Amino acid sequence: MSAFGSVFMPEMAISWFDGSHWSEREIVSSDSLTLHPGAHVLHYSSTCFEGLKAFRHEDGSVNIFRMDRNVERFAQSSHLLALPEIDKAAVSQMIIDIVKRFASDVPQPPGSMYIRPTHIGTEPAIGKAAVPSVTSCLYILLSPVGDYFAGGDKALRLLVDDSGMRCPPHMGMIKSGGNYAGALRPTMKAKAEYKADQVLFCPGGDVQETGAANFLLIDGNEIITKALDESFLHGVTRDSILTIARDLGMTVSERDLCVDELLERAVRPGCEAALSGTAAVLAPVGTLIHHGKEYAVGNGGIGDTTVRLRTALNNIQWGRAEDSHGWLLKV
Ligand SMILES: *Cc1c(COP(=O)(O)O)cnc(C)c1O
């Protein structure tokens with residue numbers, strides 16, 4: 001199977017905002033997109049995106065997971081970046097249209113169809129460094145993906161960085177390429193120097209998240225994770241896992257967690273840590289690296305509760321457990 005997200009369906013759904021109206025939604029080739037080289041996005045990073053998945057069930061039906069949440073967040077990202085306001089109903093219909101069109105290409109579990117809505121500022125105006133783009137383009141790409149853990153489910157190594165930040169605090173809730181670009185060099189450095197898989201950004205000692213996933217500490221029956229504020233991305237997977245944990249009778253503590261408490265608790269027997277996000281659902285964390293010292297989380301391997309929560313969410317997504325929260329939308 002090719003690398004995650006490197007295969008695309010040949011068509012995409014698209015709509016353009018001309019400064020006053022959104023164009024009729026269309027389905028066009030996904031090979032290329034014509035933009036002026038002076039387009040706002042190419043200079044001033046007026047861009048945001050989403051990531052969600054559609055799943056094939058045993059009865060052959062195709063089901064999109066929590067699309068309402070992703071569309072809501074897409075609208076929020078667009079708003080916070082001063083891009084034109086999106087039409088949530090129209091965007092939802094674009095997602096449904098394109099998924100329906102390629103329904104027969106949706107892989108069987110553990111594969112899925114990854115859906116990538118994207119919104120970019122298109123106005124050719126390089127003088128607009130401090131002014132929003134009046135025009136924009138919104139499109140929905142599809143990429144069939146296989147088993148995220150095909151190469152084996154291994155416990156990740158995280159560099160605990162208490163000096164840098166992933167992004168400026170007011171950009172935290174925006175799913176924007178700019179934030180990713182900013183986290184790239186610190187993550188490459190952590191890989192080269194510590195063989196770390198990711199950086200856990202903890203500015204001023206406040207445990208936030210990694211470059212593309214939320215962080216959960218699982219201590220026995222309790223899950224501890226940062227309470228929602230504008231400094232980090234509000235993951236749909238985070239919310240789903242916390243909901244399932246509550247359903248299973250676990251205690252969910254959404255509160256600030258500092259690096260000292262994290263390191264002190266993580267090494268206790270039975271403690272686990274995990275990263276949540278749409279791609280992997282829940283990825284186990286086995287090692288934390290802080291100021292050159294390594295801390296094994298619990299037994300340093302893959303935690304039982306992590307696997308149990310991931311399986312519970314996968315079972316809902318794959319149609320093998322009751323969708324009691326109404327998270328799936330059949331297309
Ligand atoms: C997308 C993303 C996540 C995970 O969000 P999900 O909705 O669970 O996929 C977490 N952090 C960042 C920075 C992200 O961009």
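Every value quoted in this text rests on a predicted model; they were computed, and no experiment measured them. For ligands, and for the atoms within them, numbers begin at 1 and follow the listed sequence.
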Q) With backbone taken as N, CA, C and O and side chain as the heavy atoms from C-beta onward, which portion of Phe232 lies under 4.0 Å from ligand 1: side chain, backbone, both, or neither? A) neither
Q | Stepwise ring pair (Phe, Tyr, Trp, His ring centres under 6.0 Å) test for Phe215 and Phe232 | A | CA-CA 11 Å; Phe215 179 81; Phe232 74 108; over 10 Å; no
Q | Cationic N near anionic O, under 4.0 Å, Lys88 to Glu50 | A | no
Q.
Assess whether a salt bridge exists between Lys195 and Glu294, defined as any Lys/Arg side-chain N lying under 4.0 Å from an Asp/Glu carboxylate O.
A. no
(Q) Tell me whether the rings of Trp327 and Phe65 are parallel (<30°), tilted (30 to 60°) or perpendicular (>60°). (A) perpendicular
Q: Give the atoms of ligand 1, by number and element, whose distance to some non-hydrogen atom of Gly235 is under 4.0 Å.
A: 5 (O), 6 (P), 7 (O), 8 (O)
Q: May I ask you to identify the nearest protein heavy atom to atom 9 (O) of ligand 1, giving residue, atom name and distance to one decimal place in Å?
A: Thr278 OG1, 2.6 Å
**Q.** Closest protein heavy atom to atom 11 (N) of ligand 1, given as residue, atom name and distance to 0.1 Å
**A.** Glu209 OE1, 2.5 Å
(Q) Give me the residue, atom name and distance of the protein heavy atom closest to atom 8 (O) of ligand 1. (A) Thr237 OG1, 2.6 Å
Q.
Looking at Lys330 and Asp323, is there a salt bridge between them, counting it only when a charged N and a carboxylate O are closer than 4.0 Å?
A. no
Q: For the pair His57 (side chain) and Asp59 (backbone), establish whether a donor and an acceptor sit closer than 3.5 Å, ignoring hydrogens and angles.
A: no
Q. Identify the closest protein heavy atom to atom 15 (O) of ligand 1: which residue and atom is it, and at what distance?
A. Tyr180 OH, 2.5 Å
Q) Quick one: which ligand 1 atoms are inside 4.0 Å of a heavy atom on Arg73? A) 5 (O), 6 (P), 7 (O)
Q. Hey, are Lys191 and Asp197 close enough for a salt bridge, meaning a charged N less than 4.0 Å from a carboxylate O?
A. no
**Q.** Atoms in ligand 1 with a heavy atom of Gly277 nearer than 4.0 Å
**A.** 4 (C), 8 (O), 9 (O)
Q. Which bit of Arg166 gets closer than 4.0 Å to ligand 1, counting heavy atoms only: side chain, backbone, both or neither?
A. side chain
Q: Tell me which one of Val236, Ile241, Ile174 gets a heavy atom nearest to atom 7 (O) of ligand 1.
A: Val236
Q) atom 3 (C) of ligand 1: which protein heavy atom is closest, and how many Å away? A) Ala212 O, 3.4 Å
Q | Protein contact of atom 2 (C) of ligand 1 - nearest heavy atom, named by residue and atom, plus distance | A | Lys175 NZ, 2.6 Å
Q: Would you please classify the geometry between the His40 ring and the Tyr44 ring as parallel, tilted or perpendicular, with 30° and 60° separating the classes?
A: perpendicular
